[in-house]
Protein chains: 2
Amino acid sequence: MVSPNDPAYPNLPATSWAVLGMLTHSEPLTGYDAKKWADWSIGFFYWSPSISQVYAELKKLESLGLAESRVVTQAGERDRREYAITELGTRAARDWSREAPVEAPVLKHGVMLRLWMGHLNKPEELKAIVRAHIENIEGQRAQAALRAEHSRAEPGWAFPTMSLTWATRYFDAELDLARALLDDIDEAARQLATVKHKDGLGNPVPIEPGRWRAIEDFLED
Amino acid sequence: MVSPNDPAYPNLPATSWAVLGMLTHSEPLTGYDAKKWADWSIGFFYWSPSISQVYAELKKLESLGLAESRVVTQAGERDRREYAITELGTRAARDWSREAPVEAPVLKHGVMLRLWMGHLNKPEELKAIVRAHIENIEGQRAQAALRAEHSRAEPGWAFPTMSLTWATRYFDAELDLARALLDDIDEAARQLATVKHKDGLGNPVPIEPGRWRAIEDFLED
DNA sequence: GTGTACATGTAATCCGTTACATGATTCC
DNA sequence: GGAATCATGTAACGGATTACATGTACAC
């Protein structure tokens with residue numbers, strides 16, 4: 001039984017909507033094409049899929065009636081399976097993108113995790129990690145900027161272009177934050193020096209920072 | 001056979017190192033405590049775990065000799081299993097955080113994914129999504145700032161404090177970017193209007209934006 | 001002849017979640 | 001009396017990856 005407040009779109013992971021979204025943008029795509037486009041664009045802010053997952057997602061969308069496929073045979077070429085969005089799929093994509101609950105972005109920042117346990121290593125080593133991170137991000141920033149430029153020239157791609165522009169600015173912000181960390185690391189190390197001792201390996205570790213249980217009341221918010 | 005270039009730490013997902021990292025910071029923790037601390041701090045930039053995974057990770061760390069546990073019985077309280085890091089674990093955590101390859105952060109930005117397919121809906125509806133997103137992030141920002149403040153007062157927590165400060169700035173940047181989107185959406189919609197037609201539902205969709213395959217040479221970078 | 005791009009898929013596995021099961025204590 | 005917190009775990013499942021299998025065309 002469908003209540004009047006049930007969503008007008010099937011319950012699928014955002015990843016499936018990403019694939020369907022690609023189909024709303026273009027003429028029929030093969031799995032191979034979808035993988036390339038996702039890497040080129042969506043990968044900066046949501047998803048850079050494995051090729052096998054793309055094929056699986058397309059198959060699933062078709063089984064749900066949101067997409068349909070046909071096999072294209074051409075002389076001197078391997079057969080390709082081209083997927084196109086259906087009317088049902090277009091409506092579902094539209095409804096999902098308008099009505100889905102707004103969820104906070106999810107970040108997995110491995111570099112920050114390592115800095116979180118920065119008391120385990122010397123400041124110079126931590127800063128080397130951050131410098132390598134900055135180089136990484138500079139590369140990604142340049143790539144996003146170039147792609148935004150290319151995308152801008154493509155009629156109908158105003159929103160993908162906006163996303164790439166956003167990604168470029170996002171990397172700029174990430175670079176600012178990372179550069180600030182270079183000083184923050186020294187400051188934190190100085191701070192820790194006032195409470196540290198030396199362990200068996202001669203590296204700084206904090207003295208009994210106090211048990212979580214004992215201080216949790218203080219930390220409530 | 002171990003080659004001289006093999007890493008000095010076992011090959012584990014970053015998540016396991018996060019749990020071990022908590023153990024480097026404090027006296028013995030229960031799974032329940034670890035979950036709370038992770039949510040309170042690491043969740044902003046890496047990981048907000050399910051409680052069942054925390055228990056599983058701790059068990060795994062113990063089986064690898066990186067942590068050890070004992071059951072604590074207290075009158076009038078349920079038994080608790082407290083985990084402490086071992087010497088081997090401390091060395092492994094130190095080596096991992098210093099030597100692991102620097103990987104780019106992974107972002108899953110559902111809101112941006114929906115804007116990427118913004119041609120499916122009206123600009124006002126897209127802006128409503130962004131406004132809800134801004135409210136979300138303002139809340140997270142406030143929380144991170146408060147926690148950074150609390151953390152700062154705790155001796156030995158200089159690096160966790162630095163991470164929370166970073167998270168606060170990160171949310172500030174995210175807010176700047178989101179606010180800029182409110183104008184960018186109108187601009188993109190105006191841009192699209194020059195190439196759009198009306199579909200059966202009266203909503204704007206782009207006309208044949210050109211097939212991915214046909215333009216990919218142009219987009220190489 | 002070697003590598004890369006095109007092209008599609010299956011199988012095994014991993015990481016992590018949700019659902020479930022259990023039970024004491026404390027606060028309203 | 002009921003909800004929330006403390007506290008620990010198992011089982012089932014889902015989302016996504018890597019490894020594997022296969023084969024053509026084209027450039028160097």
Side-chain angles (χ1 to χ4, degrees), chain A residues 10-19 28-40 42-43 46-63 69-83 103 106 108 110 211-214 216-217 219-220, chain B residues 10-19 28-40 42-43 46-63 69-83 103 106 108 110 211-214 216-217 219-220:
Chain A
N11 184 26
L12 295 170
T15 288
S16 304
W17 297 112
V19 176
L29 285 179
T30 65
Y32 197 89
D33 295 333
K35 157 72 174 160
K36 279 183 60 180
W37 197 14
D39 284 351
W40 196 83
I42 300 176
Y46 194 81
W47 182 58
S48 197
S50 67
I51 182 66
S52 64
Q53 196 196 2
V54 173
Y55 286 115
E57 291 293 342
L58 285 167
K59 189 170 279 189
K60 186 172 71 175
L61 292 176
E62 183 163 41
S63 80
S69 74
R70 62 190 188 109
V71 174
V72 178
T73 308
Q74 274 164 297
E77 263 181 37
R78 199 195 203 284
D79 284 359
R80 299 183 290 125
R81 183 175 290 271
E82 288 188 341
Y83 286 85
E103 269 153 37
V106 173
K108 299 257 157 195
R211 186 156 155 214
W212 178 250
R213 303 290 302 294
E216 59 187 7
D217 288 339
L219 295 172
E220 288 297 325
Chain B
N11 183 28
L12 295 171
T15 288
S16 304
W17 296 111
V19 177
L29 284 179
T30 66
Y32 197 90
D33 295 332
K35 157 71 174 163
K36 278 183 60 179
W37 197 14
D39 284 351
W40 196 83
I42 301 176
Y46 193 81
W47 183 57
S48 196
S50 66
I51 182 66
S52 63
Q53 197 195 1
V54 173
Y55 287 115
E57 291 293 342
L58 286 168
K59 189 170 278 189
K60 187 172 70 176
L61 292 175
E62 182 162 42
S63 80
S69 73
R70 61 186 191 112
V71 173
V72 178
T73 308
Q74 274 165 295
E77 263 181 37
R78 197 196 205 282
D79 284 0
R80 300 184 291 123
R81 183 174 288 272
E82 289 189 339
Y83 286 86
E103 269 153 37
V106 173
K108 299 258 158 194
R211 185 158 156 211
W212 176 251
R213 304 288 303 293
E216 60 187 6
D217 289 340
L219 296 173
E220 289 297 326

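Chain A is the first sequence line, chain B the second, and so forth, proteins listed ahead of strands; every chain is numbered from 1.
In this structure, A:R80 places its CZ atom 11 Å from P of C:dC6, rounding to the nearest Å. Counting to the nearest Å, the P atom of D:dT22 and the CG atom of A:D79 are 18 Å from each other. One atom, NZ of A:K60, and another, P of D:dG14, lie 10 Å apart when rounded to the nearest Å. Straight-line distance from the CG atom of A:L58 to the P atom of D:dA16: 14 Å, rounded to whole Å. Between the P atom of C:dT18 and the OH atom of B:Y55 lies a distance of 16 Å, rounded to the nearest Å. One interatomic measurement links the two molecules: CG of B:D39 to P of C:dT17, which rounds to 10 Å at whole-angstrom precision. The nearest whole Å value for the distance from the NZ atom in A:K59 to the C1' atom in D:dG15 is 17 Å.
Applying the side chain to side chain donor-acceptor pair (under 3.5 Å) criterion to B:T15, with sequence neighbours excluded, gives no partner residue. For A:N11, the side chain to side chain donor-acceptor pair (under 3.5 Å) test picks out no residue, with sequence neighbours left out. Contacts of B:K35 classified as salt bridge (charged side-chain N to carboxylate O under 4.0 Å, His left out), with partners at least two apart in sequence or in another chain: B:D39. Take A:A56 and apply the side-chain contact (heavy atoms from CB on, under 4.5 Å) test, not counting sequence neighbours, and it matches no residue. Judged as a salt bridge (charged side-chain N to carboxylate O under 4.0 Å, His left out), and not counting sequence neighbours, A:R78 has no contacts. Residues passing the salt bridge (charged side-chain N to carboxylate O under 4.0 Å, His left out) test with A:K60, sequence neighbours excluded: A:E57. Residues forming a side chain to side chain donor-acceptor pair (under 3.5 Å) with A:S63 (at least two apart in sequence, or on another chain): none.
Note that the two end axes of the helix from C:dG1-D:dC28 to C:dC28-D:dG1 enclose an angle of 30°, each drawn from 5 base pairs, rounded to 10 degrees.
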Under 3.5 Å, which protein N or O atoms sit close to an N or O of nucleotides 21-26 of chain C? Give each pair with its distance.
none

Any N/O pairs under 3.5 Å between the protein and nucleotides 17-21 of chain D? List them or say none.
| from | atom 1 | to | atom 2 | distance (Å) |
| --- | --- | --- | --- | --- |
| D:dT17 | OP2 | A:S50 | N | 3.2 |
| D:dT17 | OP2 | A:S50 | OG | 2.9 |
| D:dT17 | OP2 | A:Q53 | OE1 | 2.9 |
| D:dT18 | O4 | A:S52 | OG | 2.9 |

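Near DNA chain D, meaning a heavy atom under 4.0 Å from it, residues 10-18 of chain B has no residue at all.
Nearest to the side chain of A:E57, among D:dT8, C:dG9, D:dA16, sits D:dA16.
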